[in-house]
Structures are given as structure tokens and as C-alpha cells.
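Chain naming here is simple, since letters A, B, ... match the order of the sequence lines and numbering starts at 1 in each.
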Protein chains: 2
Amino acid sequence: MAAKRSGAQSKRSQRISGTLQPTHAASDEPALSRERIVATAVELLDAQGLDGLTMRRLADRLGSGVMSLYWHVDNKEDVFDLALDSVLEYRGPTQTVESQDWRGDVVHVLEDWRTSMLRHPWSASLLPRRALGPNILGRLELLSKTLSRAGVADADLNVAIWSLWNYVMGATITRASFDLSDEDRAAAQQRLERLSGRYPAIERSHLLLDDDWDGAFRKGLDFLLDGLAPR
Amino acid sequence: MAAKRSGAQSKRSQRISGTLQPTHAASDEPALSRERIVATAVELLDAQGLDGLTMRRLADRLGSGVMSLYWHVDNKEDVFDLALDSVLEYRGPTQTVESQDWRGDVVHVLEDWRTSMLRHPWSASLLPRRALGPNILGRLELLSKTLSRAGVADADLNVAIWSLWNYVMGATITRASFDLSDEDRAAAQQRLERLSGRYPAIERSHLLLDDDWDGAFRKGLDFLLDGLAPR
DNA sequence: ACCTGAACACCGTTCAAGT
DNA sequence: ACCTGAACACCGTTCAAGT
């Protein structure tokens with residue numbers, strides 16, 4: 001990873017080191033690299049959302065020409081794949097020492113997954129269309145092992161993994177997309193009421209205003225786990 | 001809805017009715033309308049996928065100028081919203097006569113939902129980013145009523161709805177995105193094995209090759225329902 | 001090995017104008 | 001009320017060229 005330099009220092013070093021950075025004389029940016037590109041792409045996505053990521057904007061932010069990116073990266077799809085997988089890197093404990101609470105471990109793995117994605121809401125809507133990168137596979141691997149330890153039989157393992165994956169993805173995607181629009185939800189509820197009578201049930205229960213996403217997530221997850229690995 | 005006419009008939013009527021369709025003399029297409037635009041957008045999405053929908057291509061297919069679309073439709077986002085909601089129109093029985101099998105009704109509602117979306121795989125990856133149209137609301141309403149009849153208490157209704165929604169969305173999105181790439185999955189499994197050792201658990205269980213999506217869907221759904229509405 | 005600008009074939013949408 | 005073409009400000013990517 002390139003270290004950050006202060007503006008003053010970089011200006012000086014730029015003036016002095018004309019021969020040291022011959023191909024990069026007009027800029028104070030460190031050299032281009034796959035890592036820098038991906039990190040900057042994530043920044044851009046966080047700041048501007050899915051549509052905000054543009055090869056041209058990305059190059060701008062990196063202080064390089066647009067076409068320079070294509071040396072390090074296949075195309076825009078590739079950038080999406082890399083950004084998504086980088087955001088899903090697992091940083092938690094990969095093997096809690098002698099844990100006895102296997103069910104708690106499963107919950108932790110899944111909640112960490114959800115939390116990671118919610119930190120970058122674009123990742124949720126991106127995931128369904130992208131390839132499985134190494135970090136995603138790593139999380140699936142971890143989930144598989146934890147489920148085995150929790151007592152899920154080998155024959156049921158894939159069903160269990162996919163059920164939980166589906167649930168987590170659905171919950172995360174829903175939450176990420178609905179949470180963006182708080183007053184939209186209020187507006188939606190009002191619209192519901194103006195159509196008075198067409199949707200009486202969900203109007204009465206204030207479905208669109210309900211926002212205990214975390215609670216609902218945990219509750220549904222518990223039900224699933226009860227079925228998958230009876231305690 | 002504009003009625004379909006045969007080519008011959010429309011050519012004749014075009015020649016005769018110069019004064020009847022004065023603004024549309026040069027084409028044998030019926031007049032533009034919101035409905036036609038949406039229907040054609042769905043065709044285009046089915047044929048070419050998400051990236052295949054272009055205002056220009058859409059206009060081409062409709063035999064009109066690009067800008068004519070904007071009289072009937074706000075912008076491209078609007079087209080996406082309309083196409084998505086149109087695909088989610090519920091056509092099943094809205095009130096089965098005196099059904100006693102309430103749990104079966106819930107399952108039917110959710111499976112019909114999933115089936116509708118899988119008929120148009122782009123809808124799955126589109127949904128998380130779009131507004132709730134009338135047909136989506138209608139399905140939520142139906143689900144809510146069915147759950148009530150199945151014995152879910154009012155206080156638990158929203159949690160139940162969102163849990164099921166999340167599960168169905170996750171399962172559908174996953175299935176729609178993974179199913180597109182059959183030999184990709186085989187390639188992924190091979191890649192796994194070439195990395196031999198990094199992901200032993202999911203390699204051993206052939207997770208990426210497992211494709212009993214429907215079975216997994218039903219199983220997980222049953223577990224959820226067991227928790228939400230004990231029989 | 002790494003970076004670049006010009007050029008191509010596209011986009012969505014504004015606007016002013018037509019009937 | 002409905003449709004249109006020209007024009008604008010963008011896109012992603014190929015290519016041939018630079019160091």
C-alpha cells in the first residue's frame with residue numbers, strides 16, 4: 001500500500017525527483033496499481049452510488065488518464081467485481097478458540113456478512129450480478145465449516161448454506177434499498193392511505209413504516225436455524 | 001389496449017385513413033401508448049437483458065422517434081419501474097373459495113411470486129433498486145391477508161411479511177443470477193479444485209454444482225413458516 | 001512494462017419546433 | 001395532444017503511439 005504524503009512534501013519531492021519518477025512527472029500521485037484502483041473505486045461508489053462509478057471519473061480521482069486503467073484492469077465489469085469482493089473481505093476471528101456456542105458462531109458469521117454489506121449499500125444491489133470472488137468464497141467456506149460444527153449433517157449442508165445465503169442476501173438487499181429513502185417511505189404510506197381501501201391490510205399494519213430491520217432479521221434467522229439445526 | 005392488426009389490414013387502413021391518423025402516416029405501427037411502451041420494454045429486457053434496454057432501441061422497436069417516448073414516460077428510470085411492476089402482476093386466484101389449507105395458500109402466494117420473477121430474470125436484479133409499484137403492493141397485501149388467516153398475530157405480521165419477503169427475494173435473486181451461467185459454475189468448481197485446499201469444505205460438498213434450487217427453496221421456506229406460524 | 005490522446009460508436013435528455 | 005430531429009454532455013473501449 002502506498003503511504004500518504006502531505007501536499008507540501010509531495011510538491012517538493014515532485015520538483016526534486018524528476019529523474020526518479022520519469023513517467024509520472026506531472027502529478028503527485030503514487031503509481032497506479034490494481035489495489036489503488038480498487039480502493040478508489042470503492043470510495044467513488046460509497047460517495048456517488050452505482051451510477052457514480054465511471055472509468056473517466058475513476059481516472060480523474062487517481063490523477064491518471066482514462067486508458068491507463070485498462071493496463072491494470074480488464075474493463076468496467078472487472079472493476080465492479082474487484083470492488084465488490086474487496087468490500088467483502090472477512091476480518092473477524094476465523095477460528096474462535098474452542099467455542100462451544102456453535103449456533104452463536106453461525107449467527108455471528110451471518111451478521112458480520114450483513115454488516116459488511118450495509119457499510120457499502122451499493123454492494124447489495126451489485127452482488128446478484130457479479131462473480132464469486134475469493135472473499136465471497138472464503139465466507140461461504142467459513143459458513144460451511146461453522147454449520148458442520150453446529151451439527152448440520154453433510155447431506156443437508158448445501159441446502160442449509162443456500163437457505164441462509166438467500167435469507168441474508170434478501171434481508172441485506174431489502175434493507176439497503178429501502179433504507180435510502182426515509183421520507184419516501186412516509187410518502188409511500190401516505191400514498192397508500194390516499195388510495196384508501198385498496199391495500200387495507202398493509203395499510204393497517206403500517207408495513208411500509210416499520211423499520212425494525214435488525215429485529216426482523218434476527219427473528220427470521222432464528223426460525224431458519226431452528227429448522228436447519230434443531231438445538 | 002390497442003388491438004393487433006394484420007400487416008395487410010394495417011397497410012390498407014393506412015392508405016385509406018390519411019385523415020384519421022394524420023400524425024402517423026409513415027408507419028404501420030399502432031399509436032404510441034404507455035402500455036405499448038411498457039410491453040415492448042419487457043420484450044426487450046427478456047431478449048437482451050438489463051443492459052439491452054435503451055431508449056433508442058426501445059423507440060426503434062416501436063417504430064417511433066426516441067423523443068416520442070418522453071411524452072408517455074418520465075425517463076428511463078420510469079420505464080424500469082413500469083416494466084418491473086407489469087411483470088409482477090398477480091394473475092392467480094385472489095381468494096380461494098373457503099380454503100382450509102392456509103399454510104398451503106401462503107406457500108402458493110410465495111411460489112407464484114418467485115415463478116413470476118424467474119420468468120423474467122432481469123426483474124430479480126432490478127427489484128432492489130426500484131420503487132414499490134401497485135402490483136408489488138398488491139402481492140404484499142395478499143400475503144398479509146393470507147398470513148393473518150394462517151394464524152399469525154397482528155403484532156407479528158410485519159416481521160413475518162418481511163422475513164418471507166427477504167427470503168423469497170434472496171432465493172429468487174440468487175437463482176436468477178446463478179442460473180444464467182451453467183458452465184460458469186462448472187468452471188468455478190474447477191477453479192476451486194485448482195486452488196486445492198483453500199476452500200476444502202465447499203469444494204467437498206460441491207456447493208457450486210448443487211442446483212436443486214427449488215428443493216432448497218421449499219425446505220427453507222418450510223422452516224421459516226414453522227417458526228412464524230406453528231401448525 | 002506502463003501510460004497516453006484521439007477517435008469511434010454509442011448513451012439519456014433538453015430544447016425548440018412541428019402537426 | 002402528440003410527435004420529431006438536432007444538439008449537448010456524457011459514456012466504455014479500440015487502436016496506434018509514446019516512454
Distance in angstrom units between B:Leu62 CG and D:dT4 C1', rounded: 15 Å

When both hydrogen-bonding distances must be under 3.5 Å and the geometry is Watson-Crick or G-U wobble, what is D:dG12 paired with, if anything? C:dC8

Check the pair B:Ser86 / B:Val42 against side-chain contact (heavy atoms from CB on, under 4.5 Å), numbers first and verdict last. CA-CA 8 Å; B:Ser86 97; B:Val42 170; 3.7 Å; yes

Taking atom types as modelled, is there a side-chain donor on B:Asp212 or A:Trp162 under 3.5 Å from an acceptor on the other? no

To the nearest angstrom, how far is A:Met55 atom CE from C:dC3 atom P? 14 Å

Between D:dG5, C:dG12, C:dT4, which nucleotide gets closest to the side-chain atoms of B:Met67? D:dG5

Between A:Asp85 and A:Arg139, is the closest basic N to carboxylate O distance under 4.0 Å? no

Please measure how far the C1' atom in C:dA16 lies from the corresponding atom in D:dC3, and state the result in whole Å. 13 Å

Counting only side-chain heavy atoms from C-beta out, which of D:dC3, C:dT13, D:dT13 sits nearest to A:Val66? D:dT13

Hey, is A:Lys76 close enough to A:Asp81 for a salt bridge, meaning N to O under 4.0 Å? no

CG of A:Asp74 versus C1' of D:dT13: gap in Å, rounded? 12 Å

What is the separation between atom CG on A:Asp60 and atom C1' on D:dG12, rounded to the nearest whole Å? 15 Å

Could you give the CH2-to-P distance, from A:Trp71 to D:dT13, as a whole number of Å? 17 Å

Picking from D:dT13, D:dC11, C:dT13, which would you name as closest to the side chain of A:Tyr70? D:dT13

Nearest-nucleotide wise, let me know which of A:Ser68 and B:Glu77 is further upstream toward the 5' end of DNA chain C. A:Ser68

In whole angstrom, give me the gap between the P atoms of D:dA17 and C:dC2. 22 Å

Out of D:dT4, D:dC11, C:dT13, whichever nucleotide has its closest atom nearest the side chain of B:Ser64: D:dT4

Quick one: is A:His72 getting a side-chain N or O under 4.0 Å of the C:dC3 phosphate, OP1 or OP2? yes

A:Arg56, nearest nucleotide to its side chain (from D:dG12, D:dA1, C:dG12): D:dG12

How many whole angstroms separate atom CD of A:Gln48 from atom P of D:dC10? 13 Å

Between C:dC11 and D:dC8 - C1' atom distance, rounded Å: 12 Å

Spacing between B:Ile37 atom CD1 and D:dC3 atom C1', to the nearest angstrom: 11 Å

In whole angstroms, how far is the C1' atom of D:dC3 from the CZ atom of B:Arg36? 13 Å

Please determine, for D:dT19, whether a Watson-Crick or G-U wobble partner exists with both distances under 3.5 Å, and give it or none. C:dA1

What I want to find out is whether B:Arg175 reaches B:Asp214 closely enough, with some N-O distance under 4.0 Å, to be called a salt bridge. yes

